[in-house]
Protein chains: 2
Amino acid sequence: MIRVAVLGSTGSIGTSTLDVIASQPERLSLVGIAARSNIGVLAQQIARHRPRLVAVFEAEQAAALRRQVNGAVLVRAGVEGLRELATHPDVDIVVVGTSGREALVPLIRAIESGKRIALASKELLVMAGELIMRLVREHGTSLIPVDSEHAALFQALQGVPREEVARLIVTGSGGPLWGLDRAAMAHVTRQQVLHHPKWQMGPKITVDSATLMNKGLELIEAQWLFGMTLSRLGVIIHPQALIHALVELVDGSCLAQLSVCDMRLPIQYALSYPQRWPTPLPGVRWQDLSGAQFFEPDPERFPCLRLALEAARAGGTACAALSAANDAAVWAYLRDELAFLDIPHVIAETLQQHAPSAHPTLDDILKTDDWARQTAQELIRARQRVSVPAA
Amino acid sequence: MIRVAVLGSTGSIGTSTLDVIASQPERLSLVGIAARSNIGVLAQQIARHRPRLVAVFEAEQAAALRRQVNGAVLVRAGVEGLRELATHPDVDIVVVGTSGREALVPLIRAIESGKRIALASKELLVMAGELIMRLVREHGTSLIPVDSEHAALFQALQGVPREEVARLIVTGSGGPLWGLDRAAMAHVTRQQVLHHPKWQMGPKITVDSATLMNKGLELIEAQWLFGMTLSRLGVIIHPQALIHALVELVDGSCLAQLSVCDMRLPIQYALSYPQRWPTPLPGVRWQDLSGAQFFEPDPERFPCLRLALEAARAGGTACAALSAANDAAVWAYLRDELAFLDIPHVIAETLQQHAPSAHPTLDDILKTDDWARQTAQELIRARQRVSVPAA
């Protein structure tokens, strides 16, 4: 029996993880869950999945939840509650499904406790990849990617010694706006942006898909996960989203991983690894691969991809600044405080003001994150002042 | 240094193997070569690649070759010469590039001597797969497929425990006649049949590609190589011939192997395995994958595929009879003694007359092979008598 803790249980990854655990009652058991908000959903999850421990962010949320669940489960609050769950002696594997920076310290504590990690959040690796991967090595544990493209690479690389890899390619559907030119993008509605053609995901990652920042973050993620330099990583756009990744080998051959777009697949593999268990999910219909298309992404049309590559080349804290500025800009866009096409401007201006420091500590990273969010916020506010029409 | 013997050095696989060996002088050395005919080409290969031992089929060919090479190399003749090369103590790996039945006994002797085998000939596995794979297990050696689709499966399966495989799919380009209906096939010229869209190969396998018998033989080959029942094997037609095989996994995910159509890739991998070495060959251009097509093969239009599946289901000596009847029919077609559309009729009628015996010995197999060739020949002659117009 593999015992699981889920950080971010009410999000898209978290709910899929609970589905996977419920579908494998002989093999997986749920020890505990944590969520930032959505107390109502959390109470339903507790009733349905019966974890032993629940962690929430705010003390008052914890109190409200305790009243709702009436002693059926141990409820903890704050960073201490997250840490308790992530390092619980009965937990074998911690699923990190939340992208928030508040998950970084629990993730690090889980690694230090020797837990296996199933990591869905690309932002944490983008912020702190060097530190996280060093700790994984030092504590002799493993970090298995859940992000579909990286899960695909991880699977395709199973039988492949690293020195036989020439290049790793992640694919992307192109997101909701693939096919629009810059002029058309100035007029997209939030509804269009949030309507992803292939994946049902949370709003932040869906906006990242529309800007292609998501692919940029994935390249940085792949750098750390697979120990590859940027020059050996690539992105191609494949709107049908059947092939999720390609491994180019030194002899010119290539391995690819295909599946339907359902996060329960990479989640289950991360939990079952090194085994692979049957699922009732539909397989790939090779008929659907007929006429599949592949395109080079265009960094002029999608400047966020170019910004991510620049941050990756700068290294050190630059990627933490990138991710924090992007996060601030995307949420501002979602609150209607920033225009869609201004997202890359806010990120670029934040990065211009940032002097990256190499081999950052956890403290350096958290400070960079704070600074970049604040800087981005100021840039967003400045833009709002400019764009307010005269009374 | 890996020391190689090549059976069938003057054929398509043989010449590519000598190219690969010459391209890796630090890693591969050529011990000896064998060929059935083409003494002129053999003499050139001796001059260029300097093997120590050469085996030819006929004693008089051996004598002629000895005169030409003037003592530069040891020349042996007949089955004994082939056996000597296949079991030579200085040989690590035997490449079997000839499809003729005369290679079966040397192949078996090589396995019994513990040599690693790189097998390009599907016909030998179709004839004697059960026997060959049992001997490989008993003698603790390995047999690595060179046939491109099976090499692709072998590569994609490297990190995959066998119990996690749901189904193995070989792809086929569809061959030179894909797109023609039965009526049009009645009028194809030999030139059309021998003009393969993707692969430069010998005439017999090119005709097999046109009838899709090649895919049928490959399913039987895959049965033995990967220990899979027929129900877990499939064929799809993919005219662009970039994806060579697909491994469907129990969770619904899928791994695929891609490469350009160049036999030097699977040959080198079979020689380098478990390593993979760089090549100067071009990689897959993912741009070429755009618009790739995938189709179900049609057994009505391609009855040879159906016949192969029937023989595989019958088991025992039925596949040896299938392969021998097909061989006789194809060579008769190439000599203009049989119409293209009559190839499957000759095979079907031969199989109808065959009572398969289970778990055949080498002797059973060779007898079946003799009987089926003779039966097919008689059927071909009978058809010629019918079709000769009255004087």
Side-chain angles (χ1 to χ4, degrees), chain A residues 148 151-152 154-161 163-167 169 171 234 236-238 242-244 246-260 262 264-266 268-269 272 274-296, chain B residues 148 151-152 154-161 163-167 169 171 234 236-238 242-244 246-260 262 264-266 268-269 272 274-296:
Chain A
S148 60
F154 186 76
Q155 292 174 39
L157 283 167
Q158 279 309 306
V160 182
E163 64 274 17
E164 296 176 7
V165 174
R167 229 157 65 101
I169 311 266
T171 68
I236 57 179
I237 301 300
H238 163 45
L242 278 168
I243 296 182
H244 300 297
L246 293 153
V247 174
E248 293 181 359
L249 300 161
V250 288
D251 64 354
S253 304
C254 192
L255 295 172
Q257 196 267 9
L258 300 82
S259 75
V260 295
D262 191 315
R264 287 172 293 181
L265 283 169
Q268 178 172 301
Y269 188 73
S272 68
Q275 293 180 41
R276 186 187 294 268
W277 302 330
T279 64
L281 299 177
V284 178
R285 285 167 31 97
W286 54 258
Q287 291 89 336
D288 297 337
L289 197 57
S290 247
Q293 293 168 301
F294 300 85
F295 303 100
E296 195 99 43
Chain B
S148 59
F154 185 76
Q155 291 173 40
L157 283 166
Q158 279 309 305
V160 182
E163 65 273 17
E164 296 176 7
V165 174
R167 229 158 64 100
I169 311 266
T171 68
I236 57 179
I237 302 301
H238 163 43
L242 279 168
I243 295 182
H244 301 296
L246 292 153
V247 174
E248 292 180 0
L249 299 161
V250 289
D251 64 353
S253 304
C254 192
L255 295 171
Q257 196 269 7
L258 300 82
S259 74
V260 296
D262 190 315
R264 288 173 292 181
L265 282 170
Q268 177 171 303
Y269 188 73
S272 69
Q275 293 180 40
R276 186 187 294 267
W277 302 331
T279 64
L281 298 177
V284 178
R285 284 167 32 96
W286 55 258
Q287 290 88 338
D288 297 337
L289 198 57
S290 244
Q293 293 168 300
F294 300 86
F295 303 101
E296 195 98 44

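Residue numbering restarts at 1 for every chain, and letters A, B, ... go by the order of the sequence lines. No hydrogens, no waters, no symmetry mates; every other heavy atom, side chains included, goes into these values. All of these numbers come straight from a predicted model, not from anything done at the bench.
Contacts between B/A156 and chain A at a heavy-atom distance below 4.5 Å involve backbone atoms as well as side-chain atoms. Neither the backbone nor the side chain of B/E163 comes within contact range of chain A; no heavy atom of the residue lies under 4.5 Å from a heavy atom of that chain. Looking at B/P280, there are no atoms closer than 4.5 Å to chain A (heavy atoms on both sides), in backbone or side chain. Only the side chain of B/Q287 comes within contact range of chain A, with at least one heavy atom under 4.5 Å from a heavy atom of that chain. For a residue to count as touching a neighbouring chain, one of its non-hydrogen atoms must lie under 4.5 Å from one of that chain's; by this rule B/L246 touches chain A with the side chain only. Both the backbone and the side chain of B/W286 come within less than 4.5 Å of a heavy atom in chain A. Contacts between B/L157 and chain A at a heavy-atom distance below 4.5 Å are absent for every atom of the residue. Residue contact with chain B, scored on non-hydrogen atoms closer than 4.5 Å, is absent for A/P161. Using a 4.5 Å cut-off between heavy atoms, B/L255 contacts chain A through both its backbone and its side chain.
Atom CZ of residue A/F295 and atom CD1 of residue A/I236 lie 10.5 Å apart, to the nearest 0.5 angstrom. To the nearest 0.5 Å, atoms CG (B/D251) and OG (A/S259) are separated by 8.0 Å. Atoms CG and NE2, from A/L265 and A/H244 in turn, are 8.0 Å apart once rounded to the nearest 0.5 Å. The line from CZ of A/R285 to SG of B/C254 is 13.5 Å long, rounded to the nearest 0.5 Å.
Taking all atoms of both residues into account, the shortest heavy-atom contact from B/I243 to B/T171 is O-OG1, 2.6 Å. Between A/V250 and B/W277, the shortest heavy-atom contact is CG2-C, 3.9 Å.
Between chain A and the residues B/R264, B/Q158, B/H238, B/E296, the most heavy-atom pairs under 4.5 angstrom are made by B/E296. With respect to chain A, the highest number of heavy-atom pairs below 4.5 Å among B/A256, B/A292, B/G283 belongs to B/A256. In terms of non-hydrogen atom pairs under 4.5 Å with chain A, the most contact-rich of B/G291, B/G159, B/S290 is B/S290. Contact count against chain A (heavy-atom pairs under 4.5 Å) is highest for B/P278 among B/P274, B/P282, B/P278.
The closest donor-acceptor contact from the side chain of A/Q257 to the backbone of A/Q155 lies at 3.5 Å or more, if one exists at all. Side chain of A/S272 to main chain of A/Q268: a donor-acceptor pair is present (N/O by atom type, distance under 3.5 Å, no hydrogens or angles).
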With side chain to side chain contact (heavy atoms under 4.5 Å, CB included) as the test, would you mind laying out the steps for B/V260 and B/D288 before giving the verdict? CA-CA 10 Å; B/V260 296; B/D288 297 337; over 6 Å; no
